[in-house]
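Presented below is the structure to which this report refers.
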Amino acid sequence: QALFTSRRSKENLQSLGIKSPVNKLLVCGVCGKGMTIQLNNKVRKTGRNYSFYQIRPCRHQIDFDTKCHNGGVSIYKVENAVLESLKLYKQELKQSLVSLLAEDTSGLENSLTSNLEGLEADLAKQERKAKRLLDLYLDEELDKQSYQQKKQALEDTISALKNEINIVKHKLESMDASVQLGKVTGIIEMIDNFEEMELEEQNATLKLIISGIVFTKTAETNNEPVIDIKWREF
């Protein structure tokens with residue numbers, strides 16, 4: 001609730017860069033970097049303004065010779081997909097309530113354990129990348145500037161993974177059916193009220209329950225948007 005104590009008008013929120021409930025949650029499905037939202041100032045021949053917000057095509061540098069080729073799309077398509085996914089996620093949460101009411105947290109424990117294993121595997125992969133990067137630098141196959149840039153990016157990823165691992169481990173150690181019951185009930189309540197919330201509240205709510213929205217629109221997807229929502233563990 002502390003996240004919602006300061007309300008602002010939608011006009012002010014947009015001036016702060018909050019243009020959509022999915023603001024700062026979009027992740028490129030090709031290069032893994034964050035995607036941004038921009039205003040498309042579309043004006044038809046009649047002179048009427050049909051401006052709309054869209055996901056900006058991703059053009060991050062993947063390596064020395066290659067830029068990302070992920071496409072963009074009108075933001076409402078992603079927002080609608082998220083709304084539909086929230087409804088499905090709510091049904092999953094309701095199912096978990098049945099186990100929690102019976103004080104059975106085995107399903108949640110299994111989910112957390114699986115998530116932990118995936119995070120630890122990803123951490124090991126990133127640490128191997130860091131070692132290979134150092135080897136390239138020591139062998140003088142990378143200049144100092146390139147090495148430092150790539151090293152910083154890897155260190156940020158490794159740090160984020162370690163933090164997430166610690167959070168999941170803590171959740172496993174402090175698993176309590178009554179506590180989980182309160183969390184799940186609270187999330188369901190937020191989903192029920194989502195469409196009536198102000199833009200800031202919608203954005204804050206999604207950040208509480210979603211770690212990222214992976215968006216892909218390439219030739220490999222027949223230029224159709226593919227949206228994969230990563231739910232947080234509770």
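One is the number of the first residue; the rest follow in order along the sequence.
- The nearest pair of heavy atoms linking S74 to F52 is OG-CE1, 3.4 Å.
- Side-chain contact between K90 and L86: absent, with no pair of heavy atoms (C-beta onward) separated by less than 4.5 Å.
- Contact check for R59 versus C68: no side-chain heavy atoms found under the 4.5 Å cut-off.
- The hydrophobic clustering, which links ILVMFWY residues whose side-chain heavy atoms are closer than 4.5 Å, places Y76 and L199 apart.
- At a threshold of 4.5 Å between non-hydrogen side-chain atoms, the residues L97 and I188 count as touching.
- In terms of heavy-atom proximity, S20 sits nearest to N203 at O-ND2, 3.9 Å.
- In this view, S111 and E233 satisfy the side-chain hydrogen bond (donor to acceptor under 3.5 Å, both in side chains) rule, not counting sequence neighbours.
- Rounded to the nearest 0.5 angstrom, D139 CG and R132 CZ are separated by 13.5 Å.
- Remark: the Q152 side chain and the D156 side chain contain an N/O donor-acceptor pair separated by less than 3.5 Å.
- L112 and L123 fall within the same hydrophobic cluster, defined by Ile, Leu, Val, Met, Phe, Trp and Tyr side-chain heavy atoms under 4.5 Å apart, directly or through other members.
- Note that CG of L206 and OG of S211 are 11.5 Å apart. Values are rounded to the nearest 0.5 Å.
- Expressed to the nearest 0.5 Å, how far CD1 of I191 lies from NZ of K87 amounts to 11.5 Å.
- Here the straight-line distance linking atom CZ of R56 with atom CG of L26 works out to 12.5 Å at 0.5 Å rounding.
- Distance check, rounded to the nearest 0.5 Å: CG of L25 to CD1 of I209 gives 9.5 Å.
- Using a 4.5 Å cut-off between side-chain heavy atoms of Ile, Leu, Val, Met, Phe, Trp and Tyr, with links allowed through other members, V30 and I227 fall into different hydrophobic clusters.
- F194 places a side-chain heavy atom less than 4.5 Å from the side chain of T205.
- With values rounded to the nearest 0.5 angstrom, I229 atom CD1 is found 12.5 Å from F215 atom CZ.
- Checking T66 against D63 by side-chain atom types alone, a donor-acceptor pair falls below 3.5 Å.
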Original post:
What do the steps show when you test Q126 against L154 for side-chain contact (heavy atoms from CB on, under 4.5 Å), and what is the final call?
Top reply: CA-CA 7 Å; Q126 297 302 320; L154 279 170; 3.3 Å; yes

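- Side-chain N or O atoms of N70 include none that pairs as donor or acceptor with a backbone N or O of C28 at under 3.5 Å.
- Between K150 and L133 there is a side-chain heavy-atom pair separated by less than 4.5 Å.
- Side-chain contact check for K67 versus H60: every heavy-atom pair is 4.5 Å or farther apart.
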**OP:** Could you walk me through whether E84 and N80 pass side-chain contact (heavy atoms from CB on, under 4.5 Å), step by step?
**Re:** CA-CA 6 Å; E84 290 304 310; N80 289 343; 5.8 Å; no

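- Residues Y53 and N40 fail the side-chain proximity criterion, which asks for heavy atoms closer than 4.5 Å.
- L142 and L134 fall within a single hydrophobic cluster, where Ile, Leu, Val, Met, Phe, Trp and Tyr are joined by side-chain heavy atoms under 4.5 Å apart, directly or via other members.
- Heavy atoms from other residues, nucleotides or ligands lying under 6.0 Å from CD of E140 number 12 at most.
- For the residue pair T216 and G29, the shortest heavy atom distance occurs at OG1-CA, 3.3 Å.
- When the shell of 6.0 Å around NZ of K129 is examined, it contains 12 or fewer heavy atoms from other residues, nucleotides or ligands.
- Placement of V22 and M197 within a single hydrophobic cluster is found when ILVMFWY residues are connected by side-chain heavy-atom separations under 4.5 Å, directly or transitively.
- Residues R232 and L208 form no side-chain contact, since every pair of their non-hydrogen atoms from C-beta on lies 4.5 Å or further apart.
- Atom CD of Q91 sits in a crowded spot, with more than 12 heavy atoms from other residues, nucleotides or ligands closer than 6.0 Å.
- Between K151 and E155 there is a salt bridge, since a side-chain N of the basic residue sits under 4.0 Å from a carboxylate O of the acidic one.
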Subject >> Worked verdict on K217 versus E224 for side-chain contact (heavy atoms from CB on, under 4.5 Å) >> reply: CA-CA 6 Å; K217 183 187 174 188; E224 290 295 323; over 6 Å; no

Subject >> Test log, rule side-chain contact (heavy atoms from CB on, under 4.5 Å), inputs V27 and K33 >> reply: CA-CA 6 Å; V27 179; K33 295 186 178 179; over 6 Å; no

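- In this structure a side-chain-to-backbone donor-acceptor pair under 3.5 Å is present from D143 to Q145.
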